[in-house]
Amino acid sequence: MPVIEFMVLSNNLPTKFTAYADYNIVSGKDCVAKEGVLIKKYASKIFIVTGKNSARKCGALDDFEKLFKENGIEYEIYDGITENPHIDLCREAAKKCVKFGADGVLGIGGGSPLDAAKAIAVFAVNPNLSEEDLYADNYENPLPVFACGTTAGTGSEVTSYSIMTLGYGEEALKKGWGSKRVLPKITFCDARYTMSMPKMSTLATGIDAAAHCIEAYFRKTTGIFVRMYALAGIEMIWPVLKKAFTEELTYEDRERILYGSVLAGLAIENSGTCFPHSAGYAITTTYGIPHGFACGYFTAEFLRLHSIDYKEDVDKFLNIMHTSPDEIEALYYSVLPSFSHTPKDLQMLIKKGSKSKNIHSAMYEGDEGFCEYVYRKVFDNLDKYKK
Ligand code: NAP
Ligand code: ZN
């Protein structure tokens, strides 16, 4: 393999040098016990937000309860967050947060509880906030947010984004909002908490993390810092993700992919994602397919399309990953779930997908024609891989 020099420089993409950073990441085995008391700088009455089971099962919730008891921090647990959290669920949870009188919100879990924690922190202070004002970042300062990730992952523990499900039934759609004011004040990264993830969740969340590196790198607004995070992230994520298709992961593997996913989070925090995400949202809301898999349907095609104008940059990724778009496609489609892909499904996805405004890759804007092209590709692949 050739040595890649000056990896972050690109001859074609812009060299924006602006970057914002306002995070405190603590990491390593037992970082909650060792450094969790830092939370006391910000809050003394914590509303803990989790999903149904995993926060307890992975050991994180026990560790925080112990920490809080030992340090005189009051807490209440809300364990009702479901996958792809609905905005109305977050409003309901916020009422409990207010009733408890919390002065801080801690999310423990995958992206769903972490994103929900951010929304709850806003609604707790702004109970009657309209959807429009939430999305316009127009509200009183939220409660401080703290985050402990248990998947590797969305990177939500270091982003100011939160992705909500809005509407119901046929009208349901996923839409992100963001504010630097909900960026977690302290992020806890202990790979022990990811050890309990089953194979399919490991793959789905790892595919998501890889997608964050790849998409952030080619986002129009991206710059040198993002490319640093993205390339370092993919270097840590990819070998472990590839291994996870066929083998059990060790603690060291889990630590690598977790830290890689956090770097990927920092990449999207300073730029954003591209069409695999926005087009994937419609697949998740329509067929209930996990977020990471929904993005994964598009990753190989995203690289192929960008190699037309940005071959040198695509090659940087492929060199680090020691792979090709064809190999990524075959690997991903070996696990990507099947879903109904009739002509009627295609029309519905185009209609939903083209509502997304989040397709700002270096070369493609999200018009309907483009949306149709990318969904058609996925439908063809589902046939090609006999799904
Ligand atoms: P998730 O939706 O948070 O969780 C998926 C499943 O994994 C749940 O059943 C959960 O169980 C389980 N789980 C979590 N941690 C586990 C562990 N350590 N062991 C065993 N099971 C575990 O998954 P996710 O992929 O991390 O998050 C997806 C969400 O994040 C989507 O809504 C996506 O849009 C969003 N997202 C946000 C950002 C951002 O920057 N904010 C970026 C990308 C994606 P429990 O329900 O019991 O917890
Ligand atoms: Zn994602």
Side-chain angles (χ1 to χ4, degrees), residues 47 49-54 78-98 105 107 109-124 126-139 142 151 154 156 161-179 182 201 204 208 273 275-295 297-298 337-359 366 368 371 375 378-379:
F47 193 64
V49 176
T50 74
K52 199 79 236 146
N53 304 304
S54 69
Y78 177 85
D79 65 1
I81 300 302
T82 45
E83 288 177 44
N84 308 300
H86 199 283
I87 192 168
D88 291 342
L89 180 65
C90 298
R91 286 185 193 280
E92 285 310 305
K95 288 180 191 159
K96 297 200 162 67
C97 178
V98 172
V105 181
S112 297
L114 301 188
D115 286 3
K118 295 171 189 172
I120 292 166
V122 172
F123 288 135
N126 304 272
N128 301 315
L129 190 68
S130 68
E131 212 169 280
E132 292 69 35
D133 282 338
L134 174 69
Y135 279 80
D137 197 17
N138 182 24
Y139 45 79
T151 62
T154 65
S156 177
Y161 307 127
S162 161
I163 319 293
M164 300 273 95
T165 300
L166 309 175
Y168 292 93
E170 293 244 315
E171 298 302 313
L173 62 98
K174 286 189 66 155
K175 196 171 161 200
W177 59 280
S179 168
V182 293
S201 307
D208 185 29
T273 52
F275 74 76
H277 267 69
S278 42
Y281 290 157
I283 293 183
T284 293
T285 52
T286 311
Y287 306 101
I289 299 214
H291 168 69
F293 283 151
C295 303
Y297 292 108
F298 304 93
S338 173
F339 61 84
S340 168
H341 49 290
T342 63
K344 196 169 153 225
D345 290 300
L346 183 63
Q347 289 317 315
M348 187 188 22
L349 284 176
I350 295 168
K351 194 168 143 224
K352 274 194 173 189
S354 50
K355 275 193 204 153
S356 279
K357 303 247 184 313
N358 176 15
I359 309 191
E368 257 194 40
C371 238
Y375 284 124
V378 173
F379 280 35

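This chain uses plain numbering: 1 for the first residue, then up along the sequence. None of these values were measured; they are calculated from a predicted model. Computation of the quantities below employed the complete heavy-atom set of this structure, encompassing side-chain atoms and omitting hydrogens, waters and symmetry-equivalent molecules.
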Shortest non-hydrogen contact from Pro85 toward Ile163: CG-O, 4.1 Å
So do Asn126 and Asp133 actually touch side chain to side chain, heavy atoms under 4.5 Å? no
Asn84 and Thr165: side chain donor to acceptor below 3.5 Å: no
Roughly how far, to the nearest 0.5 Å, is CG of Leu173 from OH of Tyr281? 11.0 Å
Once you round to the nearest 0.5 Å, how far does OG of Ser201 lie from CZ of Phe293? 8.0 Å
Rounded to the nearest 0.5 Å, the CZ atom of Arg91 sits from the CG atom of Leu129 at a distance of 6.5 Å
Smallest separation among heavy atoms of Thr151 and Gly110, with atom names: OG1-CA, 3.5 Å
Under 4.5 Å between any side-chain heavy atoms of Lys118 and Trp177, yes or no? yes
Grab the two heavy atoms, one from Ser156 and one from Leu114, that are nearest each other, plus how far apart they are. OG-CB, 3.5 Å
Could you walk me through whether Ser162 and Val182 pass the side-chain contact (heavy atoms from CB on, under 4.5 Å) check? CA-CA 9 Å; Ser162 161; Val182 293; 5.7 Å; no
Residues Ile289 and Ala294: closest non-hydrogen pair is CG2-N, 4.0 Å
Tyr297 side chain vs Ile283 backbone, donor-acceptor pair below 3.5 Å: no
Name the orientation class of the two ring planes belonging to His86 and Tyr168 (parallel below 30°, tilted from 30 to 60°, perpendicular beyond 60°). parallel
What are the two closest heavy atoms between Ala93 and Ile120, and how far apart are they? CB-CD1, 3.5 Å
State, with a plain yes or no, whether a side-chain heavy atom of Leu349 is found less than 4.5 Å away from one of Tyr287. yes
Hey, what do you get for NZ (Lys352) to CD (Glu170), rounding to the nearest 0.5 Å? 7.0 Å
Do Thr154 and Tyr161 come close enough that some side-chain heavy atom pair is under 4.5 Å? no
Donor-acceptor check, side chain of Thr285 to backbone of Lys174, threshold 3.5 angstrom: yes or no? no
Begin with the C-alpha distance, continue with both residues' side-chain angles, and end with the deciding distance and a verdict on side-chain contact (heavy atoms from CB on, under 4.5 Å) for Phe339 and Asp345. CA-CA 9 Å; Phe339 61 84; Asp345 290 300; 5.9 Å; no
Can a donor-acceptor pair be found, under 3.5 Å and without considering hydrogens, that links the side chain of Tyr375 to the backbone of Ala279? yes
4.5 Å side-chain heavy-atom contact, Cys90 and Phe123: yes
Going through the checks in order, is the side-chain contact (heavy atoms from CB on, under 4.5 Å) test met by Tyr135 and Leu166? CA-CA 12 Å; Tyr135 279 80; Leu166 309 175; 3.8 Å; yes
Return the minimal non-hydrogen interatomic distance between Ser179 and Asp137, and the atom names on each side. OG-OD1, 3.0 Å
Before you tell me yes or no, could you show the steps for His277 and Asp208 under side-chain contact (heavy atoms from CB on, under 4.5 Å), namely the whole-Å CA-CA distance, both residues' side-chain angles and the distance that decides it to 0.1 Å? CA-CA 9 Å; His277 267 69; Asp208 185 29; 3.2 Å; yes
